[in-house]
Amino acid sequence: MDVNGDSWQSSVIDSELPVLVDFWAEWCGPCKMIAPAVHDLALEYEGKLNVAKLDVDNDPDIAARYGIRSIPALIFFKNGQPVDQIIGAQPKPALKRKIEAVLES
């Protein structure tokens with residue numbers, strides 16, 4: 001799902017499930033490289049993890065709030081708080097290992 005300033009609170013902060021937020025931009029090549037893996041993992045973990053995408057060009061205030069200086073950046077939220085992150089393009093198995101670790105914590 002796409003999130004923005006209007007939906008951030010309800011979709012990420014107030015979510016009952018953990019949320020993986022993919023901070024990206026249209027011009028970011030590495031962001032486009034990981035997008036299929038992130039999409040596949042969203043389907044695989046449906047019901048256990050929500051996956052959201054936030055365009056940093058459209059919502060720079062949210063990106064700045066979480067210290068995003070480089071994209072792609074993936075931040076995991078639990079109970080409205082960031083609990084882990086991945087900076088830079090990572091292969092799908094690395095993303096999956098991180099998801100599993102976050103879900104088990």
Side-chain angles (χ1 to χ4, degrees):
M1 77 180 132
D2 289 323
V3 293
N4 57 37
D6 294 334
S7 61
W8 182 259
Q9 184 71 34
S10 62
S11 297
V12 177
I13 304 303
D14 296 339
S15 176
E16 292 185 15
L17 291 176
V19 182
L20 168 58
V21 179
D22 178 4
F23 291 84
W24 74 289
E26 186 63 41
W27 49 264
C28 172
C31 298
K32 291 180 181 180
M33 286 173 43
I34 69 165
V38 172
H39 178 265
D40 290 349
L41 292 166
L43 296 175
E44 184 174 339
Y45 287 94
E46 188 173 359
K48 297 178 188 172
L49 175 78
N50 289 334
V51 177
K53 294 175 69 76
L54 180 113
D55 186 327
V56 297
D57 288 336
N58 292 338
D59 288 287
D61 292 348
I62 293 174
R65 185 181 318 156
Y66 295 99
I68 303 300
R69 294 189 178 99
S70 176
I71 55 174
L74 305 167
I75 298 183
F76 294 87
F77 289 82
K78 276 181 125 171
N79 301 316
Q81 298 297 316
V83 295
D84 210 340
Q85 67 180 7
I86 299 171
I87 305 297
Q90 299 287 320
K92 186 176 176 180
L95 299 175
K96 187 169 182 162
R97 281 192 300 275
K98 187 67 89 166
I99 290 170
E100 290 291 338
V102 167
L103 291 178
E104 291 171 6
S105 66

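The analysis underlying the following values was restricted to heavy atoms, covering all of them including side chains, and did not include hydrogens, waters or symmetry mates. When a residue number appears, it is its place in the shown sequence, counting from 1.
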In terms of hydrophobic clusters joined by side-chain contacts under 4.5 Å, are [X] and [Y] together?
X: Tyr45; Y: Leu95; result: yes
X: Ile75; Y: Trp24; result: no
X: Val19; Y: Leu74; result: no
X: Phe77; Y: Ile71; result: yes
X: Leu49; Y: Ile13; result: no

Which atom pair, heavy atoms only, marks the closest approach of [X] to [Y]?
X: Ile87; Y: Gln90; value: O-NE2, 3.9 Å
X: Ala52; Y: Val3; value: CB-CG1, 3.7 Å
X: Pro72; Y: Ala89; value: CG-N, 3.7 Å

For the pair Lys96 and Leu41, evaluate side-chain contact (heavy atoms from CB on, under 4.5 Å) and give the outcome as yes or no after the intermediate values. CA-CA 7 Å; Lys96 187 169 182 162; Leu41 292 166; 4.2 Å; yes
Measuring from atom [atom1] of [X] to atom [atom2] of [Y], what distance do you get when rounded to the nearest 0.5 angstrom?
X: Asp6; Y: Asp59; atom1: CG; atom2: CG; answer: 8.0 Å
X: Ile68; Y: Phe23; atom1: CD1; atom2: CZ; answer: 4.5 Å
X: Ile99; Y: Phe76; atom1: CD1; atom2: CZ; answer: 5.0 Å

More than 12 foreign heavy atoms under 6.0 Å from CD of Glu44: is that the case here?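 Yes, CD of Glu44 has more than 12 neighbouring heavy atoms, counting only those of other groups under 6.0 Å.
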Would one find more than 12 heavy atoms of other residues, nucleotides or ligands at under 6.0 Å from atom CE of Met1?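 Atom CE in Met1 is packed in, count exceeds 12.
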Quick one: does any side-chain atom of Asn4 pair with a main-chain N or O of Ser7 as donor and acceptor, under 3.5 Å?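 Checked: pair present.
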Sequence neighbours excluded, which residues qualify as side-chain hydrogen bond (donor to acceptor under 3.5 Å, both in side chains) partners of Asp2?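 Asp2: no side-chain hydrogen bond (donor to acceptor under 3.5 Å, both in side chains) contacts found.
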Sequence neighbours left out, what passes side-chain hydrogen bond (donor to acceptor under 3.5 Å, both in side chains) with Gln9? Give chain and number order.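 Gln9: side-chain hydrogen bond (donor to acceptor under 3.5 Å, both in side chains) contacts with Asp14.
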I'd like to know if the side chain of Trp27 pairs up with that of Asp57 as donor and acceptor (distance under 3.5 Å, no hydrogens or angles considered).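 Asp57 and Trp27 do have a side-chain donor-acceptor pair below 3.5 Å.
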What pairs meet the side chain to side chain donor-acceptor pair (under 3.5 Å) rule with one or both residues in residues 62-79, with sequence neighbours excluded?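 Only Lys78-Ser105 qualify under side chain to side chain donor-acceptor pair (under 3.5 Å).
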Determine whether Pro18 and Leu103 make a side-chain contact, defined as any pair of heavy atoms from C-beta on separated by less than 4.5 Å.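 The answer is yes, as the side chains (C-beta and beyond) meet within the 4.5 Å cut-off.
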Could you give me the CA-CA distance, side-chain angles and deciding distance for Lys98 and Gln85, then say whether side-chain contact (heavy atoms from CB on, under 4.5 Å) is met? CA-CA 9 Å; Lys98 187 67 89 166; Gln85 67 180 7; over 6 Å; no
